[in-house]
Each structure stands twice: as structure tokens, then as C-alpha cells.
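Along the sequence shown, the residues carry numbers beginning at 1. All figures in this text were calculated on a predicted structure; none of them were measured in a lab.
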Amino acid sequence: MSTLHLGVFDVPEDSSEMTTFAVAKILEKNYGLYSNFVAMNMDFIRNQITQGLSNSVAVVAAGRVPKAMYGKAPDEITKRFRQQIDMDFLDGKVSGVKTKAAILKKSRTKGKRRSSVSFFDTGILRRNIHTWID
């Protein structure tokens, strides 16, 4: 049985002792960032995985070896997650979102103003979101 993973590459956040993994855990605990994305996009995720597998079967049937069993599904899911963060996909759907930091445009990085988009402060977490299937 294959497992879909939605996570982050663990890298240091801008000028803090936090890492992207630590921030991701906080955002999941407080807002369900990852689980809500999956719940709200289950049809999209299923379609991407189904399409990727279908394409792989066609490649094998043609006598070739597929480059990746699930095709571009992990990349497309990652892309969709990033787009939805940019569009404030949880705004008004989850308690506490729009986040106070986004409303106040208050950054964790001293002396910087942040975007008014929830879950987007330095952009490091967003850039390091990663989906994989094993």
C-alpha cells in the first residue's frame, strides 16, 4: 500500500531558531493547515494520483519504463497547496483564520512587515512544502 505524504523540507526559518518542520507542526496543531488542505482537496488529489497511475500503465503497455509511478501527481499536489496558501484557502473556514499576524501584518522577523496572507510570513515554509508517495 502506498502512502501520500504532505510535509516540508526541514530548513531553518529566517533569523529564528525555528525550522520549517517546527512551524509546520504548529500550524497543523493550531489550524489543521495540512489536514484541512487534504480534506478540501481530496477529489483533486485522487484525480492527480489516478491520472499519474493511468499514464504509467500506458507507458508500461507501450513497452517502456515510466519515470515515476505516479507521474506528476506529487508536484501537482504541492503546486495546488502553495496556490491555496497564496489564496488564503482557510480564511473564514477554520477558527482563528485569518490569523492575527496576517491581520496585523506582523512578521516574526524583527523589523519586517509581512504579507496579509495567513501562513505566509517569510515564504520559507511555503517554498519548502513537499509531497511524495511511497
Side-chain angles (χ1 to χ4, degrees):
M1 163 91 56
S2 296
T3 303
L4 173 71
H5 301 273
L6 186 59
V8 294
F9 293 113
D10 194 21
V11 299
E13 278 283 335
D14 195 30
S15 69
S16 81
E17 295 181 18
M18 300 282 286
T19 67
T20 52
F21 180 70
V23 172
K25 283 179 22 178
I26 292 167
L27 294 177
E28 178 59 25
K29 179 183 175 196
N30 293 344
Y31 305 104
L33 179 64
Y34 292 82
S35 55
N36 278 306
F37 169 78
V38 170
M40 293 174 177
N41 290 277
M42 188 55 74
D43 289 339
F44 174 81
I45 292 167
R46 278 190 196 116
N47 289 339
Q48 290 300 311
I49 292 170
T50 300
Q51 186 64 46
L53 285 171
S54 176
N55 291 343
S56 290
V57 168
V59 168
V60 170
R64 299 187 320 258
V65 177
K67 292 179 182 177
M69 182 188 300
Y70 298 96
K72 295 180 181 180
D75 293 337
E76 292 300 319
I77 295 165
T78 298
K79 180 179 173 184
R80 173 82 161 236
F81 194 16
R82 289 176 180 159
Q83 288 171 339
Q84 291 203 348
I85 287 174
D86 293 344
M87 297 183 319
D88 264 346
F89 79 104
L90 291 180
D91 192 6
K93 296 180 179 103
V94 174
S95 178
V97 180
K98 187 164 240 12
T99 62
K100 185 176 178 182
I103 292 167
L104 298 175
K105 295 185 179 182
K106 184 177 180 184
S107 177
R108 289 183 300 108
T109 305
K110 189 173 182 173
K112 288 190 177 180
R113 289 183 53 91
R114 64 168 278 149
S115 163
S116 62
V117 175
S118 297
F119 316 117
F120 191 100
D121 185 0
T122 62
I124 294 171
L125 176 78
R126 183 194 171 282
R127 284 191 306 272
N128 284 284
I129 290 172
H130 180 62
T131 304
W132 68 100
I133 303 170
D134 60 28

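Counting all heavy atoms, side chain and backbone alike, Glu13 lies closest to Leu125 at OE2-N, 3.6 Å. Heavy-atom minimum distance, Ala73 versus Gln48: CB-O, 3.4 Å. Minimum interatomic distance between Ile26 and Met18 (heavy atoms only, all atoms of both residues): CD1-CE, 3.3 Å. Taking every heavy atom of both residues into account, Glu28 and Leu33 meet most closely at OE1-N, 3.2 Å. In plain terms, the two heavy atoms of Gly7 and Trp132 that are nearest each other are N-CZ3, 3.9 Å.
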* Step-by-step side chain to side chain contact (heavy atoms under 4.5 Å, CB included) determination, Thr131 to Glu76 -> CA-CA 9 Å; Thr131 304; Glu76 292 300 319; over 6 Å; no
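Hydrophobic clustering of Ile, Leu, Val, Met, Phe, Trp and Tyr side chains at less than 4.5 Å, counting indirect connections, keeps Val65 apart from Val57. Ile49 and Val60 are not part of a single hydrophobic cluster, where members link through side-chain heavy atoms under 4.5 Å apart. Residues Leu53 and Val59 do not share a hydrophobic cluster, defined by chaining ILVMFWY side chains whose heavy atoms lie under 4.5 Å apart.
Remark: side-chain polar atoms of Thr19 are not paired, donor with acceptor, to backbone N or O of Asp10 under 3.5 angstrom. Panel note: side chain Asn36, backbone Tyr31; a donor-acceptor pair is recorded below 3.5 Å. Remark: side-chain polar atoms of Ser56 are paired, donor with acceptor, to backbone N or O of Ala68 under 3.5 angstrom. Here the side chain of Thr50 pairs a donor or acceptor atom with the backbone of Arg46 at under 3.5 angstrom. Side chain of Thr20 to main chain of Val11: a donor-acceptor pair is present (N/O by atom type, distance under 3.5 Å, no hydrogens or angles).
Side-chain contact between Ile77 and Phe37: present, with at least one pair of heavy atoms (C-beta onward) separated by less than 4.5 Å.
To the nearest 0.5 Å, atom CG of residue Asp86 and atom CZ of residue Arg126 are 4.0 Å apart. Note: His130 NE2 to Asn128 CG = 10.5 Å, rounded to the nearest 0.5 Å. How far CD1 of Ile45 is from CG of Leu4: 6.0 Å, rounded to the nearest 0.5 Å. If you take CG on Asn55 and NZ on Lys67, they are separated by 12.5 Å, rounding to the nearest 0.5 Å. Atom CD in Gln84 sits 5.0 Å away from atom CZ in Arg80 (nearest 0.5 Å). Atom NZ in Lys79 sits 14.5 Å away from atom CD1 in Ile129 (nearest 0.5 Å).
A ring-centre distance under 6.0 Å is not found for Phe21 and Phe9.
By the 4.0 Å N-to-carboxylate-O rule, Lys72 lies too far from Asp75 to be salt-bridged with it.
Between the side chains of Gln51 and Asn47, no donor-acceptor pair is found at a separation under 3.5 Å.
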